[in-house]
A.B. asks: 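Can you read through this structure? Questions will come right after.
Below, read A as the first sequence line, B as the second, and so on, with proteins coming before strands; counting in each chain starts at 1. Source: prediction; values computed, not measured. Values below: every heavy atom of this structure, side chains too, minus hydrogens, waters and symmetry copies.
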There are 2 protein chains.
Amino acid sequence: MTTTDLQPLPGGTLSDAVEHRIVDWLRQQGLKPGDPLPGELELAQTLQVSRNVVREALSRLRMIGLVRSRKRAGMHLGEPDIPGTLARVLDAAFLDQARIAQLRELRLVIEIGLAPLVFTRHSAADRAELTELVTQERAVADDCDASRAIDAHFHAVLYRIGDNPMITEFQALLPSFFATADRAAFRPTRFNDPAIVSHADLIHELEHGTAVSFAAAMQGHLTPHLAGC
Amino acid sequence: MTTTDLQPLPGGTLSDAVEHRIVDWLRQQGLKPGDPLPGELELAQTLQVSRNVVREALSRLRMIGLVRSRKRAGMHLGEPDIPGTLARVLDAAFLDQARIAQLRELRLVIEIGLAPLVFTRHSAADRAELTELVTQERAVADDCDASRAIDAHFHAVLYRIGDNPMITEFQALLPSFFATADRAAFRPTRFNDPAIVSHADLIHELEHGTAVSFAAAMQGHLTPHLAGC
DNA sequence: TATGTCCTTATGTAGGACATATTATCCGAA
DNA sequence: TTCGGATAATATGTCCTACATAAGGACATA
């Protein structure tokens, strides 16, 4: 007798509808992180649904960080938890091969596109750090696992130099997508092969090249990993 | 007397703990999209929490598409809804200026890094489509709004040519971040300025250049938008 | 002023009840 | 036998009530 008078909400549950209603309302009110929200009971009464439905909707908003709540203080808007949400939805265990391939390609795209920023924002100290890693890499050229770890470290430093927190956070959750599949694809650098852009070549471009030439070098360094190139 | 014997779950609610427990269990069991899940009641009994708590946790997993449920069929694993989840967490209305700046920069990074893929995967028909857009652009050079719309369309086509659904989906939800701020930053192309890489120049590189030269052109086309360059 | 107690409040959790949709089952008719 | 419709079973969706818990405020006291 309570729910019979409203439309069947085609294709969704009440929680779905309430979730969107609340978010739309927050947007419409122009609320910002830190602002207080109405209590659960008031929301339930206003929306004419049970407190349970409201809590299921709020639980979702809590997960993505949009809402924070404490026992007596009530609820407040929070800052969306981008890395936490990405980690939940980009879970290699539940993604199909197509999605994983797209993610791996996205990683390469970002790393190539990051090159101009890395060139612009890097310092002499950064170059020294990268050079040190190349030295270590040469020392363990025989050990595939160690070589691979240093390779990952080298690229992580490039991300850090890029100095975009969002991109760095994205990179931080990528290893799970490369843990198994990339082991086979990873080839220890042949240091004397002129056709391959090595880490040392990248550092050279960083010091003596331009933003464009460094980006081209990065492209050459990563292109072997791109399908259809 | 029921909840007093378990640890205060430092820093989180029961729903948080149950959410992670369930996801860990799904991973550990190696379940894949389509596989059935235990019922809510069974989960509640196994985890020794109320069905309410279980439903709040499941509501979150339903939001990100990880579980789907129908009335009598029970629950099944679903494919994570990446674009839907991104749309929820990347909401310009609730992100601070720093995050928005990072997102705008990420867009430029992706667009530059996408260049090699665009070059490799484009067809003559794609070039014709882009050329047609440049023609239209010249026709409305005076109208800033129309010019801006065609510019957006041009870049959307580039994304489509890149042929990575994940990247295209990401691009699809970007307009909200550029709707207001970019209006000021947008400058209609001065077609005769040789220092600026125009859309026509991009098409020229696409037809007569190389992957590297096209990427460099894209870099030149977008660099004016990058801070600190 | 400082502090400790009590009270209020809003969220967190529990449990039961019913509604609803969908599937399985069974029975009767052609 | 087979087909089709009525019927029962089942898991999710929604509602309700009650209580636990933490946190902030009010107040009295030293």
A.B. asks: Taking CD from B:Glu40 and P from C:dG15, how many angstroms apart are they, rounded to a whole number?
C.D. replies: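 Whole-Å distance recorded here is 16 Å.
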A.B. asks: Please evaluate the base of C:dG15 for a donor-acceptor partner in the side chain of B:Asn52 within a cut-off of under 3.5 Å?
C.D. replies: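 Indeed, a donor on one side and an acceptor on the other fall under 3.5 Å apart.
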A.B. asks: Among C:dA14, C:dT13, C:dT11, find the nucleotide with the atom closest to the side chain of B:Val49.
C.D. replies: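 For B:Val49, the side-chain atoms sit closest to C:dA14.
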A.B. asks: Map A:Arg51 and A:Ala73 onto DNA chain D by nearest heavy atom, then report which one ends up closer to the 5' terminus.
C.D. replies: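 Counting from the 5' end, the first nearest nucleotide belongs to A:Arg51.
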A.B. asks: Output yes when at least one side-chain N/O atom of B:Ser50 is less than 4.0 Å from OP1 or OP2 of C:dT13, else no.
C.D. replies: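 No, B:Ser50 has no side-chain N/O under 4.0 Å of OP1/OP2 on C:dT13.
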A.B. asks: Does B:Arg72 make a side-chain donor-acceptor contact with the base of D:dG13, cut-off 3.5 Å?
C.D. replies: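 There is none.
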A.B. asks: Working note: A:Arg121 + B:Glu105, criterion salt bridge (Lys or Arg N to Asp or Glu O under 4.0 Å); need CA distance, chi angles, decisive distance, verdict.
C.D. replies: CA-CA 14 Å; A:Arg121 296 175 179 173; B:Glu105 191 170 271; 2.7 Å; yes
A.B. asks: Any carboxylate oxygen within less than 4.0 angstrom of a Lys/Arg side-chain nitrogen, looking at A:Asp96 and B:Lys32?
C.D. replies: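 No, A:Asp96 and B:Lys32 are not salt-bridged.
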A.B. asks: So, B:Arg160 and B:Glu129, do they make that salt bridge, N to O below 4.0 Å?
C.D. replies: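 Judged by the 4.0 Å cut-off on N to carboxylate O distance, B:Arg160 and B:Glu129 do form a salt bridge.
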A.B. asks: Under 3.5 Å for both donor-acceptor distances, Watson-Crick or wobble: does D:dA30 have a partner, and if so which one?
C.D. replies: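 Paired with C:dT1.
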A.B. asks: Would you say D:dT12 has OP1 or OP2 under 4.0 Å from some side-chain N or O of A:Thr13?
C.D. replies: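 No, A:Thr13 has no side-chain N/O under 4.0 Å of OP1/OP2 on D:dT12.
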A.B. asks: How close or far is atom C1' of C:dT13 from atom CG of B:Asp16, stated in whole angstroms?
C.D. replies: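 Checked: the CG to C1' distance equals 13 Å.
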A.B. asks: Under 4.0 Å between a side-chain N or O of A:Ser69 and OP1 or OP2 of C:dG12?
C.D. replies: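 So the side-chain polar atoms of A:Ser69 do come within 4.0 Å of the phosphate oxygens OP1 or OP2 of C:dG12, strictly under.
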A.B. asks: Using whole Å, report how far CG of B:Leu37 lies from P of D:dT10.
C.D. replies: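 To the nearest whole Å, that distance equals 20 Å.
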A.B. asks: Check the distance between D:dT14's C1' and A:Gln48's CD and give it to me in whole angstrom.
C.D. replies: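 It is 14 Å, rounded to the nearest whole Å.
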A.B. asks: Roughly, in whole Å, what's the span from CD in A:Glu42 to P in C:dA10?
C.D. replies: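 Computing the A:Glu42:CD to C:dA10:P distance gives 9 Å.
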A.B. asks: Between B:Arg60 and A:Glu56, is there a side-chain N and carboxylate O pair less than 4.0 Å apart?
C.D. replies: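 Result for this pair is no, no salt bridge flagged.
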A.B. asks: Nearest whole angstrom, please: distance from the C1' of D:dG13 to the CG of B:Leu58.
C.D. replies: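 Rounding to the nearest Å, CG of B:Leu58 and C1' of D:dG13 are 13 Å apart.
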A.B. asks: Please work out if A:Arg55 contacts a base, only the sugar-phosphate, or nothing of the nucleic acid, heavy-atom cut-off 4.0 Å.
C.D. replies: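 Touches a base.
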A.B. asks: Within the pair A:Arg70 and D:dG24, is there a side-chain N or O less than 4.0 Å away from OP1 or OP2?
C.D. replies: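 Indeed, a polar side-chain atom of A:Arg70 lies that close.
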A.B. asks: Would you classify A:Arg62 as touching base, sugar-phosphate or nothing, given that sugar-phosphate means primed atoms plus P, OP1 and OP2, and contacts are heavy atoms under 4.0 Å?
C.D. replies: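 Sugar-phosphate, backbone atoms only, no base.
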A.B. asks: In whole angstrom, what separates B:Glu56's CD from C:dT13's C1'?
C.D. replies: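 In whole Å, C:dT13 C1' and B:Glu56 CD are 9 Å from each other.
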A.B. asks: Parallel, tilted or perpendicular: which one describes the rings of B:His155 and B:His199, with boundaries at 30° and 60°?
C.D. replies: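 Judged by the thresholds at 30° and 60°, the geometry between B:His155 and B:His199 is perpendicular.
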A.B. asks: Quick one: B:Met75 CE to D:dT10 P, roughly how many Å, whole number?
C.D. replies: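 It works out to 17 Å between those atoms.
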